[in-house]
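Keep in mind that what you see is a predicted model, and the values were worked out from it rather than measured. Both counts, for ligands and for their atoms, begin at 1 and track the order of listing.
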Amino acid sequence: MDKFRIKGGKALRGTVEISGAKNSALPAMAAALLTAEKVTLHNVPKVRDLITMAKLLAFMDAKVSVTEVPASDYLIEAPTLNHAEAPYELVKTMRASILTLGPLMARLGMARVSLPGGCAIGARPVDLHLKALEQMGVEISTSHGYIEARASKRRLKGAHIVFEKITVTGTENILMAAALAEGETVLENSAREPEVTDLVALLRKMGAKIEGEGTSTLRIRGVKKLHGTEHTVIPDRIETGTFLVAGAITGGDLTIKNCAPEHLGAVIAKMQQAGVPIETVNKTTLRVRGAQKLVGSDMTTEEYPGFATDMQAQYMALATQAEGTSVITETIFENRYLHASEMIRMGANISVDGRRAVVRGPAQLSGTTVQASDLRASAGLVLAGLVASGETFIDRVYHIDRGYEGIVEKLQGVGAHIERVHALAS
Ligand code: UD1
(Lines give C-alpha, C1' and ligand atoms only; values in the text may rest on other atoms or scores of the structure.)
Protein backbone atom coordinates (compact mmCIF):
# COMPACT_ATOMS: atom_id res chain seq x y z
CA MET A 1 0.00 0.00 0.00
CA ASP A 2 1.24 3.49 -0.88
CA LYS A 3 2.21 6.00 1.80
CA PHE A 4 2.82 9.73 1.86
CA ARG A 5 6.04 11.09 3.31
CA ILE A 6 5.74 14.73 4.42
CA LYS A 7 8.47 16.96 5.77
CA GLY A 8 6.63 19.70 7.61
CA GLY A 9 7.39 23.34 8.25
CA LYS A 10 7.28 24.77 4.74
CA ALA A 11 5.00 27.79 4.07
CA LEU A 12 2.94 27.08 0.95
CA ARG A 13 3.02 29.79 -1.70
CA GLY A 14 1.66 29.99 -5.23
CA THR A 15 -1.41 29.00 -7.19
CA VAL A 16 -3.54 25.87 -6.97
CA GLU A 17 -6.25 24.85 -9.45
CA ILE A 18 -9.30 23.13 -8.05
CA SER A 19 -10.74 20.03 -9.76
CA GLY A 20 -14.37 19.12 -10.36
CA ALA A 21 -16.43 17.94 -7.40
CA LYS A 22 -16.34 14.18 -6.84
CA ASN A 23 -19.70 14.38 -5.07
CA SER A 24 -21.27 16.05 -8.10
CA ALA A 25 -19.66 13.79 -10.67
CA LEU A 26 -20.91 10.63 -8.90
CA PRO A 27 -24.66 11.37 -9.18
CA ALA A 28 -24.11 12.90 -12.63
CA MET A 29 -22.65 9.60 -13.87
CA ALA A 30 -25.53 7.67 -12.31
CA ALA A 31 -28.00 10.07 -13.97
CA ALA A 32 -26.64 9.02 -17.38
CA LEU A 33 -28.43 5.69 -16.80
CA LEU A 34 -31.75 7.54 -17.16
CA THR A 35 -31.40 7.92 -20.92
CA ALA A 36 -30.43 5.78 -23.91
CA GLU A 37 -28.62 8.79 -25.40
CA LYS A 38 -25.08 10.01 -24.78
CA VAL A 39 -24.30 12.15 -21.73
CA THR A 40 -20.97 14.00 -21.77
CA LEU A 41 -19.59 15.24 -18.47
CA HIS A 42 -16.78 17.79 -18.34
CA ASN A 43 -14.49 18.65 -15.42
CA VAL A 44 -14.69 15.17 -13.88
CA PRO A 45 -11.84 14.75 -11.40
CA LYS A 46 -9.41 11.86 -11.83
CA VAL A 47 -10.12 10.08 -8.57
CA ARG A 48 -10.69 6.44 -7.65
CA ASP A 49 -14.38 6.72 -6.72
CA LEU A 50 -15.22 7.85 -10.25
CA ILE A 51 -13.30 4.95 -11.76
CA THR A 52 -15.33 2.68 -9.48
CA MET A 53 -18.55 4.34 -10.68
CA ALA A 54 -17.41 3.89 -14.30
CA LYS A 55 -16.79 0.17 -13.63
CA LEU A 56 -20.23 -0.11 -12.09
CA LEU A 57 -21.93 1.48 -15.11
CA ALA A 58 -19.89 -0.72 -17.45
CA PHE A 59 -20.98 -3.79 -15.45
CA MET A 60 -24.56 -2.76 -16.26
CA ASP A 61 -23.57 -2.63 -19.98
CA ALA A 62 -23.35 1.14 -20.30
CA LYS A 63 -20.52 2.35 -22.55
CA VAL A 64 -18.17 4.62 -20.63
CA SER A 65 -15.19 6.35 -22.20
CA VAL A 66 -12.83 8.90 -20.78
CA THR A 67 -10.91 11.57 -22.64
CA GLU A 68 -7.86 13.09 -21.03
CA VAL A 69 -7.37 16.20 -23.18
CA PRO A 70 -8.00 19.05 -22.58
CA ALA A 71 -9.49 18.00 -19.25
CA SER A 72 -11.09 14.86 -18.00
CA ASP A 73 -14.38 14.22 -19.80
CA TYR A 74 -16.60 11.21 -19.30
CA LEU A 75 -18.83 10.04 -22.16
CA ILE A 76 -21.57 7.68 -21.05
CA GLU A 77 -24.08 5.95 -23.26
CA ALA A 78 -26.56 3.40 -22.02
CA PRO A 79 -28.76 2.34 -24.98
CA THR A 80 -29.56 -0.94 -23.24
CA LEU A 81 -28.93 -2.02 -19.68
CA ASN A 82 -28.65 -5.73 -19.12
CA HIS A 83 -27.46 -6.17 -15.56
CA ALA A 84 -29.52 -4.02 -13.21
CA GLU A 85 -27.14 -4.89 -10.45
CA ALA A 86 -24.54 -3.20 -8.24
CA PRO A 87 -22.34 -6.06 -7.00
CA TYR A 88 -20.82 -6.23 -3.53
CA GLU A 89 -17.22 -6.05 -4.84
CA LEU A 90 -17.84 -2.51 -6.13
CA VAL A 91 -20.31 -1.30 -3.48
CA LYS A 92 -17.99 -2.26 -0.62
CA THR A 93 -15.34 0.15 -1.90
CA MET A 94 -17.81 2.95 -2.55
CA ARG A 95 -21.10 3.49 -0.74
CA ALA A 96 -22.19 6.02 -3.38
CA SER A 97 -22.92 3.01 -5.63
CA ILE A 98 -26.39 3.27 -4.05
CA LEU A 99 -26.88 6.25 -6.39
CA THR A 100 -27.58 3.79 -9.22
CA LEU A 101 -30.70 2.46 -7.48
CA GLY A 102 -32.97 5.43 -8.32
CA PRO A 103 -32.01 5.58 -12.02
CA LEU A 104 -32.28 1.79 -12.45
CA MET A 105 -35.74 1.78 -10.91
CA ALA A 106 -36.83 4.66 -13.14
CA ARG A 107 -35.44 3.13 -16.32
CA LEU A 108 -36.02 -0.60 -15.81
CA GLY A 109 -38.37 -0.94 -12.85
CA MET A 110 -36.04 -3.41 -11.18
CA ALA A 111 -32.65 -3.45 -9.51
CA ARG A 112 -30.43 -5.46 -7.24
CA VAL A 113 -27.95 -3.43 -5.21
CA SER A 114 -25.65 -4.80 -2.55
CA LEU A 115 -26.19 -3.37 0.93
CA PRO A 116 -23.30 -1.01 1.62
CA GLY A 117 -22.35 -2.59 4.93
CA GLY A 118 -20.23 -1.06 7.68
CA CYS A 119 -18.22 2.08 7.20
CA ALA A 120 -15.45 3.70 9.20
CA ILE A 121 -17.52 6.80 9.90
CA GLY A 122 -20.55 5.21 11.48
CA ALA A 123 -23.50 3.05 10.48
CA ARG A 124 -24.60 5.15 7.46
CA PRO A 125 -27.84 3.34 6.62
CA VAL A 126 -29.85 3.74 3.38
CA ASP A 127 -33.29 3.26 4.93
CA LEU A 128 -34.49 6.71 3.86
CA HIS A 129 -33.70 6.00 0.19
CA LEU A 130 -35.68 2.76 0.41
CA LYS A 131 -38.69 4.21 2.26
CA ALA A 132 -39.02 6.95 -0.34
CA LEU A 133 -38.87 4.43 -3.19
CA GLU A 134 -41.56 2.34 -1.46
CA GLN A 135 -43.81 5.41 -1.46
CA MET A 136 -43.25 5.56 -5.22
CA GLY A 137 -44.58 2.03 -5.70
CA VAL A 138 -41.40 -0.03 -5.34
CA GLU A 139 -41.46 -3.33 -3.48
CA ILE A 140 -38.28 -3.85 -1.57
CA SER A 141 -36.86 -6.92 0.06
CA THR A 142 -33.39 -7.79 1.22
CA SER A 143 -31.80 -11.17 0.87
CA HIS A 144 -28.24 -12.51 0.71
CA GLY A 145 -26.94 -9.02 1.51
CA TYR A 146 -28.67 -7.44 -1.47
CA ILE A 147 -31.51 -4.95 -1.79
CA GLU A 148 -33.96 -6.40 -4.31
CA ALA A 149 -36.26 -3.74 -5.70
CA ARG A 150 -39.15 -4.19 -8.11
CA ALA A 151 -41.71 -1.65 -9.30
CA SER A 152 -45.32 -2.78 -9.04
CA LYS A 153 -46.17 -0.90 -12.28
CA ARG A 154 -43.92 -0.19 -15.28
CA ARG A 155 -43.47 3.45 -14.30
CA LEU A 156 -42.85 4.59 -10.74
CA LYS A 157 -45.57 6.85 -9.40
CA GLY A 158 -45.08 10.36 -8.05
CA ALA A 159 -45.40 10.74 -4.29
CA HIS A 160 -45.26 13.27 -1.48
CA ILE A 161 -42.11 12.38 0.44
CA VAL A 162 -40.94 13.99 3.66
CA PHE A 163 -37.40 12.90 4.53
CA GLU A 164 -37.13 12.19 8.27
CA LYS A 165 -33.54 13.37 8.14
CA ILE A 166 -31.68 15.37 5.53
CA THR A 167 -29.79 13.01 3.25
CA VAL A 168 -27.66 14.13 0.31
CA THR A 169 -27.48 10.94 -1.75
CA GLY A 170 -31.04 10.07 -0.64
CA THR A 171 -32.32 13.33 -2.14
CA GLU A 172 -30.29 12.72 -5.31
CA ASN A 173 -31.49 9.13 -5.69
CA ILE A 174 -35.16 10.08 -5.40
CA LEU A 175 -34.74 13.11 -7.67
CA MET A 176 -33.48 10.77 -10.38
CA ALA A 177 -36.22 8.21 -9.78
CA ALA A 178 -38.90 10.93 -9.84
CA ALA A 179 -37.62 12.47 -13.09
CA LEU A 180 -39.17 9.60 -15.09
CA ALA A 181 -42.08 8.79 -12.73
CA GLU A 182 -45.77 9.22 -13.53
CA GLY A 183 -47.14 12.44 -12.04
CA GLU A 184 -45.66 14.85 -9.54
CA THR A 185 -43.23 14.11 -6.73
CA VAL A 186 -42.69 16.55 -3.89
CA LEU A 187 -39.59 16.09 -1.72
CA GLU A 188 -39.64 17.88 1.61
CA ASN A 189 -36.71 18.29 3.98
CA SER A 190 -34.41 17.59 1.05
CA ALA A 191 -30.71 18.39 0.98
CA ARG A 192 -29.73 21.86 -0.29
CA GLU A 193 -26.09 21.01 -1.04
CA PRO A 194 -24.59 22.58 -4.20
CA GLU A 195 -24.08 19.04 -5.54
CA VAL A 196 -27.87 18.48 -5.42
CA THR A 197 -28.38 21.76 -7.29
CA ASP A 198 -25.79 20.66 -9.85
CA LEU A 199 -27.68 17.39 -10.37
CA VAL A 200 -30.90 19.36 -10.90
CA ALA A 201 -29.11 21.46 -13.54
CA LEU A 202 -27.97 18.30 -15.36
CA LEU A 203 -31.39 16.60 -15.15
CA ARG A 204 -33.05 19.74 -16.46
CA LYS A 205 -30.71 19.74 -19.48
CA MET A 206 -31.78 16.11 -20.01
CA GLY A 207 -35.42 17.26 -20.16
CA ALA A 208 -36.55 16.81 -16.54
CA LYS A 209 -39.08 19.20 -14.99
CA ILE A 210 -37.81 20.21 -11.57
CA GLU A 211 -38.30 23.27 -9.37
CA GLY A 212 -36.98 24.36 -6.00
CA GLU A 213 -33.26 23.54 -6.13
CA GLY A 214 -31.32 25.18 -3.32
CA THR A 215 -34.41 25.04 -1.07
CA SER A 216 -35.60 22.16 1.07
CA THR A 217 -38.68 21.49 -1.11
CA LEU A 218 -38.17 20.02 -4.55
CA ARG A 219 -41.00 19.51 -7.05
CA ILE A 220 -40.53 17.09 -9.91
CA ARG A 221 -43.05 16.57 -12.69
CA GLY A 222 -42.17 13.21 -14.20
CA VAL A 223 -41.60 12.97 -17.96
CA LYS A 224 -41.73 9.87 -20.18
CA LYS A 225 -38.25 10.19 -21.60
CA LEU A 226 -34.99 12.01 -20.97
CA HIS A 227 -32.34 12.77 -23.56
CA GLY A 228 -28.57 13.13 -23.84
CA THR A 229 -26.71 16.33 -23.03
CA GLU A 230 -23.40 17.89 -21.97
CA HIS A 231 -22.67 19.21 -18.52
CA THR A 232 -19.72 20.71 -16.64
CA VAL A 233 -19.37 19.52 -13.05
CA ILE A 234 -19.04 22.26 -10.39
CA PRO A 235 -15.72 22.81 -8.58
CA ASP A 236 -14.97 20.72 -5.51
CA ARG A 237 -15.76 22.82 -2.44
CA ILE A 238 -14.11 20.36 -0.05
CA GLU A 239 -10.85 20.35 -2.01
CA THR A 240 -11.05 24.16 -2.01
CA GLY A 241 -11.58 24.23 1.77
CA THR A 242 -8.69 21.81 2.26
CA PHE A 243 -6.32 24.16 0.38
CA LEU A 244 -7.67 27.14 2.33
CA VAL A 245 -6.57 25.36 5.51
CA ALA A 246 -3.25 24.33 3.90
CA GLY A 247 -2.42 27.97 3.12
CA ALA A 248 -3.52 29.17 6.55
CA ILE A 249 -1.94 26.44 8.67
CA THR A 250 1.50 26.77 7.05
CA GLY A 251 1.52 30.57 7.25
CA GLY A 252 1.68 30.73 3.46
CA ASP A 253 0.01 32.66 0.67
CA LEU A 254 -2.13 30.67 -1.75
CA THR A 255 -4.24 31.73 -4.68
CA ILE A 256 -6.93 29.13 -5.27
CA LYS A 257 -8.32 29.15 -8.80
CA ASN A 258 -11.29 27.50 -10.57
CA CYS A 259 -13.27 27.33 -7.33
CA ALA A 260 -16.77 28.47 -6.35
CA PRO A 261 -16.37 30.78 -3.32
CA GLU A 262 -20.16 31.06 -2.93
CA HIS A 263 -20.28 27.38 -1.93
CA LEU A 264 -17.88 27.93 0.98
CA GLY A 265 -19.68 30.63 2.96
CA ALA A 266 -19.65 28.83 6.32
CA VAL A 267 -16.06 27.58 5.98
CA ILE A 268 -14.72 31.00 4.99
CA ALA A 269 -16.65 32.75 7.78
CA LYS A 270 -15.38 30.30 10.41
CA MET A 271 -11.78 30.54 9.26
CA GLN A 272 -11.98 34.34 9.21
CA GLN A 273 -13.34 34.20 12.76
CA ALA A 274 -10.23 32.22 13.70
CA GLY A 275 -8.14 35.07 12.27
CA VAL A 276 -7.30 33.71 8.80
CA PRO A 277 -7.20 36.40 6.07
CA ILE A 278 -9.26 35.11 3.12
CA GLU A 279 -10.05 37.30 0.16
CA THR A 280 -12.54 36.60 -2.62
CA VAL A 281 -10.50 37.80 -5.59
CA ASN A 282 -13.27 37.13 -8.12
CA LYS A 283 -16.14 34.67 -8.70
CA THR A 284 -13.75 31.76 -9.17
CA THR A 285 -10.67 32.72 -7.16
CA LEU A 286 -9.81 32.89 -3.48
CA ARG A 287 -6.63 34.01 -1.76
CA VAL A 288 -5.62 32.80 1.70
CA ARG A 289 -2.68 33.85 3.85
CA GLY A 290 -1.35 32.79 7.21
CA ALA A 291 -2.99 34.45 10.21
CA GLN A 292 -1.05 37.02 12.24
CA LYS A 293 -2.69 35.42 15.23
CA LEU A 294 -4.71 32.22 14.87
CA VAL A 295 -7.33 31.93 17.62
CA GLY A 296 -9.49 28.99 18.67
CA SER A 297 -13.11 29.14 17.50
CA ASP A 298 -15.92 26.65 18.17
CA MET A 299 -17.41 24.88 15.16
CA THR A 300 -20.46 22.67 14.64
CA THR A 301 -20.95 20.62 11.48
CA GLU A 302 -24.31 21.02 9.81
CA GLU A 303 -26.07 20.32 6.55
CA TYR A 304 -25.50 22.90 3.81
CA PRO A 305 -25.35 25.89 4.07
CA GLY A 306 -23.76 25.07 7.46
CA PHE A 307 -20.15 23.98 7.99
CA ALA A 308 -19.60 20.74 6.04
CA THR A 309 -18.81 17.56 7.97
CA ASP A 310 -16.38 16.79 5.13
CA MET A 311 -14.26 19.76 6.36
CA GLN A 312 -14.29 18.75 10.03
CA ALA A 313 -10.96 16.87 10.11
CA GLN A 314 -9.21 19.67 8.21
CA TYR A 315 -10.63 22.26 10.62
CA MET A 316 -9.42 20.16 13.54
CA ALA A 317 -5.88 20.27 12.11
CA LEU A 318 -6.15 24.07 11.96
CA ALA A 319 -7.52 24.23 15.52
CA THR A 320 -4.44 22.39 16.85
CA GLN A 321 -2.41 25.45 15.76
CA ALA A 322 -4.81 28.08 17.15
CA GLU A 323 -4.36 29.78 20.47
CA GLY A 324 -7.00 28.78 23.01
CA THR A 325 -9.81 26.25 22.93
CA SER A 326 -11.91 25.16 19.96
CA VAL A 327 -14.94 22.98 20.68
CA ILE A 328 -15.89 20.95 17.62
CA THR A 329 -19.33 19.32 17.50
CA GLU A 330 -20.01 16.71 14.83
CA THR A 331 -23.77 16.46 14.23
CA ILE A 332 -23.91 14.57 10.92
CA PHE A 333 -21.98 11.34 11.49
CA GLU A 334 -21.24 9.33 14.60
CA ASN A 335 -17.72 8.06 15.05
CA ARG A 336 -16.10 10.63 12.77
CA TYR A 337 -13.13 11.44 15.00
CA LEU A 338 -10.75 8.63 14.06
CA HIS A 339 -8.21 11.26 12.92
CA ALA A 340 -8.22 12.84 16.41
CA SER A 341 -6.35 9.92 17.98
CA GLU A 342 -3.74 10.10 15.22
CA MET A 343 -3.34 13.87 15.72
CA ILE A 344 -2.94 13.21 19.46
CA ARG A 345 -0.10 10.81 18.60
CA MET A 346 1.50 13.72 16.74
CA GLY A 347 1.30 15.86 19.91
CA ALA A 348 -2.09 17.57 19.59
CA ASN A 349 -4.11 18.28 22.73
CA ILE A 350 -7.56 16.92 21.86
CA SER A 351 -10.15 15.23 24.04
CA VAL A 352 -13.13 13.52 22.48
CA ASP A 353 -16.39 12.86 24.25
CA GLY A 354 -19.07 11.43 21.97
CA ARG A 355 -19.92 13.96 19.30
CA ARG A 356 -17.76 16.67 20.86
CA ALA A 357 -14.02 17.22 20.53
CA VAL A 358 -12.18 19.84 22.54
CA VAL A 359 -8.96 21.04 20.92
CA ARG A 360 -6.50 23.10 22.96
CA GLY A 361 -3.74 24.92 21.13
CA PRO A 362 -1.33 25.81 19.90
CA ALA A 363 0.52 22.49 19.96
CA GLN A 364 3.88 21.80 18.36
CA LEU A 365 3.10 18.69 16.32
CA SER A 366 5.87 16.21 15.63
CA GLY A 367 6.00 13.81 12.73
CA THR A 368 5.39 10.09 13.14
CA THR A 369 3.63 7.29 11.27
CA VAL A 370 -0.15 7.71 11.23
CA GLN A 371 -2.99 5.81 9.64
CA ALA A 372 -5.64 7.31 7.38
CA SER A 373 -9.08 5.96 8.30
CA ASP A 374 -11.33 7.66 5.75
CA LEU A 375 -11.15 10.14 2.92
CA ARG A 376 -11.47 13.40 4.85
CA ALA A 377 -9.57 12.13 7.91
CA SER A 378 -6.63 11.55 5.56
CA ALA A 379 -6.79 15.17 4.42
CA GLY A 380 -6.72 16.31 8.06
CA LEU A 381 -3.60 14.20 8.66
CA VAL A 382 -1.86 15.58 5.57
CA LEU A 383 -2.50 19.10 6.89
CA ALA A 384 -1.17 18.16 10.33
CA GLY A 385 1.91 16.70 8.62
CA LEU A 386 2.51 19.99 6.78
CA VAL A 387 3.10 21.79 10.11
CA ALA A 388 4.68 18.97 12.10
CA SER A 389 8.39 18.96 12.84
CA GLY A 390 10.33 16.17 11.16
CA GLU A 391 8.79 13.54 8.92
CA THR A 392 5.21 12.29 8.91
CA PHE A 393 4.34 9.05 7.16
CA ILE A 394 0.67 8.55 6.30
CA ASP A 395 -0.40 4.96 5.76
CA ARG A 396 -3.41 3.77 3.77
CA VAL A 397 -3.53 6.76 1.45
CA TYR A 398 -5.84 4.83 -0.87
CA HIS A 399 -8.51 6.63 1.15
CA ILE A 400 -7.29 10.01 -0.05
CA ASP A 401 -6.95 8.77 -3.64
CA ARG A 402 -10.69 8.10 -3.58
CA GLY A 403 -11.46 11.79 -3.61
CA TYR A 404 -8.51 14.16 -4.11
CA GLU A 405 -7.12 14.55 -7.62
CA GLY A 406 -3.32 14.77 -7.67
CA ILE A 407 -3.03 16.02 -4.10
CA VAL A 408 0.69 15.26 -3.91
CA GLU A 409 1.46 17.08 -7.18
CA LYS A 410 -0.76 20.04 -6.26
CA LEU A 411 0.92 20.43 -2.86
CA GLN A 412 4.38 20.03 -4.38
CA GLY A 413 3.45 22.77 -6.87
CA VAL A 414 3.11 25.26 -4.02
CA GLY A 415 6.28 24.18 -2.28
CA ALA A 416 5.26 21.38 0.11
CA HIS A 417 7.77 18.64 0.82
CA ILE A 418 5.50 15.69 0.21
CA GLU A 419 5.98 12.55 -1.81
CA ARG A 420 4.21 9.32 -2.48
CA VAL A 421 6.16 6.27 -1.42
CA HIS A 422 5.03 3.37 -3.57
CA ALA A 423 4.28 0.09 -1.88
CA LEU A 424 7.21 -1.82 -3.40
CA ALA A 425 9.71 0.88 -2.51
CA SER A 426 8.48 1.33 1.05
C1 UD1 B 1 -22.95 12.61 1.33
C2 UD1 B 1 -21.56 12.84 0.80
C3 UD1 B 1 -20.54 12.80 1.94
C4 UD1 B 1 -20.94 13.75 3.05
C5 UD1 B 1 -22.39 13.54 3.47
C6 UD1 B 1 -22.88 14.58 4.46
C7 UD1 B 1 -21.68 11.96 -1.45
C8 UD1 B 1 -21.30 10.88 -2.39
N9 UD1 B 1 -21.27 11.81 -0.19
O10 UD1 B 1 -22.98 11.30 1.89
O11 UD1 B 1 -19.26 13.15 1.42
O12 UD1 B 1 -20.12 13.55 4.18
O13 UD1 B 1 -23.25 13.59 2.33
O14 UD1 B 1 -22.74 15.85 3.94
O15 UD1 B 1 -22.31 12.93 -1.83
N16 UD1 B 1 -28.93 8.65 7.00
C17 UD1 B 1 -29.86 7.77 7.49
N18 UD1 B 1 -30.59 7.03 6.60
C19 UD1 B 1 -30.40 7.15 5.24
C20 UD1 B 1 -29.45 8.05 4.76
C21 UD1 B 1 -28.72 8.80 5.67
O22 UD1 B 1 -30.05 7.64 8.70
O23 UD1 B 1 -31.09 6.45 4.49
C24 UD1 B 1 -28.12 9.46 7.95
C25 UD1 B 1 -26.64 9.16 7.89
O26 UD1 B 1 -26.30 8.06 8.69
C27 UD1 B 1 -26.03 10.46 8.38
C28 UD1 B 1 -27.00 11.51 7.85
O29 UD1 B 1 -28.22 10.82 7.57
O30 UD1 B 1 -26.06 10.49 9.79
C31 UD1 B 1 -26.53 12.22 6.60
O32 UD1 B 1 -26.12 11.28 5.64
P33 UD1 B 1 -26.23 11.54 4.06
O34 UD1 B 1 -26.50 12.97 3.79
O35 UD1 B 1 -27.16 10.53 3.47
O36 UD1 B 1 -24.75 11.20 3.58
P37 UD1 B 1 -24.37 10.59 2.19
O38 UD1 B 1 -25.37 11.02 1.18
O39 UD1 B 1 -24.07 9.14 2.33
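- Only the backbone of Ile166 comes within 4.0 Å of ligand 1, counting heavy atoms alone; no side-chain atom from C-beta on gets that close.
- Within ligand 1, the atoms closer than 4.0 Å to a non-hydrogen atom of Val126 are 19 (C), 23 (O), numbered from 1 in the order shown.
- Few gaps surround CZ on Arg345; more than 12 heavy atoms of other groups in view lie less than 6.0 Å from it.
- Neither the backbone nor the side chain of Lys131 has a heavy atom within less than 4.0 Å of ligand 1.
- Counting heavy atoms closer than 4.0 Å to ligand 1, residue Thr309 contributes side-chain atoms (C-beta onward) but none from N, CA, C or O.
- Around atom CG of Asp353, no more than 12 heavy atoms belonging to other residues, nucleotides or ligands sit under 6.0 Å away.
- Judged by distance alone, the side chain of Ser190 and the main-chain N or O of Ser216 form a donor-acceptor pair under 3.5 Å.
- Of all the listed residues (Thr169, Ile332, Val168), Val168 holds the heavy atom that lies closest to atom 34 (O) of ligand 1.
- When each atom of ligand 1 is checked for a heavy atom of Asn23 under 4.0 Å away, the hits are 2 (C), 3 (C), 7 (C), 8 (C), 9 (N), 11 (O), 15 (O).
- For atom 29 (O) of ligand 1, the choice among Glu303, Arg376, Lys165 with the nearest heavy atom turns out to be Lys165.
- Residue contacts with ligand 1: Met311 is excluded, as none of its non-hydrogen atoms falls under 4.0 Å.
- Only the side chain of Asp310 comes within contact range of ligand 1, with a heavy atom under 4.0 Å; no backbone atom does.
- Note that the CZ atom of Phe4 and the CD1 atom of Ile394 stand 7.0 Å from one another [nearest 0.5 Å].
- A salt bridge (Lys or Arg N to Asp or Glu O under 4.0 Å) with Lys22 holds for exactly one of Asp49, Asp236, Asp401, Asp310; it is Asp49.
- Contact analysis leaves Glu195 out of contact with ligand 1, as no non-hydrogen atom separation drops below 4.0 angstrom.
- Comment: Lys410 does not engage Glu17 in a salt bridge, judged by the lack of any side-chain N to carboxylate O separation of less than 4.0 angstrom.
- Remark: among candidates Leu99, Leu128, Asp49, the nearest residue to atom 23 (O) of ligand 1 is Leu128, based on non-hydrogen atoms.
- Considering backbone and side-chain N/O of Asp127, one or more are found under 3.5 Å from N/O of ligand 1.
- Aromatic rings from Tyr88 and Tyr146 are positioned such that their centres are separated by 6.0 Å or more.
- Glu334 has no carboxylate O lying under 4.0 Å from a charged side-chain N of Arg355, or vice versa, which leaves the two without a salt bridge.
- A 6.0 Å sphere centred on NZ of Lys205 holds more than 12 heavy atoms belonging to other residues, nucleotides or ligands.
- Checking Arg336, Arg356, Gln312 one by one against Glu330, the side chain to side chain donor-acceptor pair (under 3.5 Å) holds for a single residue, Gln312.
- Residues Leu34 and Met176 have side chains in contact (heavy-atom distance under 4.5 Å, counting atoms from C-beta outward).
- Residue Arg336 approaches ligand 1 through these ligand atoms, each under 4.0 Å from one of its heavy atoms: 12 (O).
- For ligand 1, the polar-atom distance check against Thr167 finds a nitrogen or oxygen pair separated by under 3.5 Å.
- When each atom of ligand 1 is checked for a heavy atom of Arg95 under 4.0 Å away, the hits are 39 (O).
- Within ligand 1, the atoms closer than 4.0 Å to a non-hydrogen atom of His129 are 23 (O), numbered from 1 in the order shown.
- Contact between Pro125 and ligand 1 is present, with at least one heavy atom of the residue lying under 4.0 Å from the ligand.
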